[in-house]
Protein chains: 2
Amino acid sequence: MAAQERPAASEDKDHVSVWERLEQPTPAPRTTLTPLRIAKVAVGVADAEGLDAVTMRRLATELGVAPMAAYRYVTGKDELLELMVDFVYAELELPDGKEGWRATMRSVALRIREVLLRHSWVTRATWCAPTPNQLAVPEAVLAALDGLGLDADTAMAVYSTLTAYVHGAVDTEVGLTQMLRVRGWSTREEARAGLASQMAWLMSTGRFPMYARYISEARRKDDQQWQFEAGLDSVLDGIAARLSI
Amino acid sequence: MAAQERPAASEDKDHVSVWERLEQPTPAPRTTLTPLRIAKVAVGVADAEGLDAVTMRRLATELGVAPMAAYRYVTGKDELLELMVDFVYAELELPDGKEGWRATMRSVALRIREVLLRHSWVTRATWCAPTPNQLAVPEAVLAALDGLGLDADTAMAVYSTLTAYVHGAVDTEVGLTQMLRVRGWSTREEARAGLASQMAWLMSTGRFPMYARYISEARRKDDQQWQFEAGLDSVLDGIAARLSI
DNA sequence: CTCGGCTGTGTACGTTGTACGAGAACGATA
DNA sequence: TATCGTTCTCGTACAACGTACACAGCCGAG
């Protein structure tokens, strides 16, 4: 048994995060490169051509710099991704929480969805390292819940429930459009046709009668916004009901 | 690059002569490979060493076969992943739905969580192509909802809400343990220490007072099962409330 | 016994992340 | 101004990856 194989690099207790390093204000006067510029360019590439297009080499070309240059600011590709995710979350505008917990949470959810859809690669890049700008989300949510008399565990659970729903929903939403793109179906018509033909075989097995019926009867199948909000309101209802607030 | 001359046979290390090889004609029985066997082995590797360890070459070695052999059964790595995901979902046991919609949905959610935690790479491998065994989930859920008088769109929305929550929740749960493993913190103590030191810096910025307070007060922070079920019950409450069922 | 078609092999190419050491630009010192 | 140490950047190089392509051995049908 080859039990304990360590794939990752060597990092020990003296591991300083990117964020910590970011704080020391660029010890370099000469820097054509900065973590922020790197992140910005990388996000641009990812937005335009997908996460797979983000290559250390591609990044270097885009920055007008040698392939290895970025490694001065980033210990590896993983850290680059962290930077990218944080950069994206920076554009999230959070409500000030003066409108009550429910309105606040609702609007947080909707805005996160917008941002994640705008940068659809983010859901696949997040492996749950909390970046500073990501932490602003729980901060805002918890602030909105503060003063309602919830104990810490319950408040955190509420927050977790909300983000679990939002991430899950956006993830499948993104996954779906991603799949269409991978399959090469660009127009809605093409997509419907292609998907239908693929589904046809599955349905013809007779294993999924319910699914077949509901799919054929559903009318708002393509209205992602409606689906998202319907689920969101359910979740919020549930939270309200359970906490009687 | 000139001189790409084949060296004499005796030059190759542990080289068996042509004649010797001619002597043992059949090291290979027929059809050693099947999609199912491929998937099973790949899942084994992924479970043991993570998704990154699943390489076409690694898979080949594991199967006792040449690197390209699997391509007879799979058009590329993407298809391999589909196979793997489907293989995992095959072990999901779904309730028969005779216990009412709520109990059914609850148990579906819990079982999906179990399976996904058992194969923690699946959440990152899914880019939303519906495999047959995955389709069994909506089938079961819709069957449980049937006869409640919901229209197709609402029923689908209920299903989507549930899976969004489940996937989102398990995803962050998996992401967290993944992060611990990547950072090299194996024991719970190490993890707490490492995470704490990393958090300490973020908290010291003063940007996240609420978060800091709630984190320090929370007691069930590590009870993932409780958190999952708390959220799940919220979601189910919400669905019940909204549909008055 | 031959032969076409599967199934597995071998080799090769282009791309990736990144280790490593040489080189170039700077501030401080002499 | 000349020199030095430090800091940033580059060029090269390597192992590992996914997979294209042509081939070889075995099977059952004729």
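Reminder, nothing fancy here: chain letters follow the sequence lines and each chain counts from 1.
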Q) What heavy-atom pair brings Gln224(B) and Leu176(B) nearest, and what distance separates the two atoms? A) NE2-CD2, 4.5 Å

Q) What's the shortest heavy-atom distance between Ala39(A) and Met84(A), and which atoms? A) O-CG, 4.3 Å

Q: From the options dT9(D), dC21(D), dT7(C), select the nucleotide whose nearest atom is closest to the side chain of Ala69(A).
A: dT9(D)

Q. What is the distance from CZ of Arg72(B) to P of dG25(D), rounded to the nearest Å?
A. 15 Å

Q: Count the heavy atoms of every other residue, nucleotide or ligand shown that sit under 6.0 Å from CG of Asp223(B), and state whether that count exceeds 12.
A: yes

(Q) Rounded to whole Å, how long is the line connecting atom NZ of Lys77(B) with atom P of dT16(C)? (A) 15 Å

Q: Give the rounded distance in Å between these two atoms: CD of Glu79(B) and P of dT19(D).
A: 10 Å

Q) Between Asp52(B) (CG) and dT16(C) (C1'), how many Å, whole number? A) 13 Å

Q) Can you name the closest pair of heavy atoms from Ala125(B) and Leu81(B) and give their distance? A) CB-CD2, 4.5 Å

(Q) Just to be sure I understand the geometry, which residues of residues 55-66 of chain B put a non-hydrogen atom under 4.0 Å away from DNA chain C? (A) Arg57(B), Val65(B), Ala66(B)

**Q.** Minimum heavy-atom distance between Leu202(B) and Thr205(B), given as atom pair plus value
**A.** O-OG1, 2.6 Å

Q | Integer-rounded Å distance: dG23(C) C1' and Met68(A) CE | A | 15 Å

Q) With Arg118(A), which residues qualify under salt bridge (Lys or Arg N to Asp or Glu O under 4.0 Å), at least two apart? A) Glu91(A)

Q) Tyr71(B) OH to dT11(C) P: how many Å, rounded? A) 18 Å

(Q) Can you give me the bend angle of the helix from dC1(C)-dG30(D) to dA30(C)-dT1(D)? Use the axis through the first five pairs and the one through the last five, nearest 10 degrees. (A) 20°

Q: Check Tyr89(B) against Leu116(B) and note the closest heavy-atom contact, atom names and distance.
A: OH-CD2, 4.1 Å

Q. Between Arg58(A) and Ala53(A), which heavy-atom pair has the shortest distance, and what is it?
A. CG-O, 3.4 Å

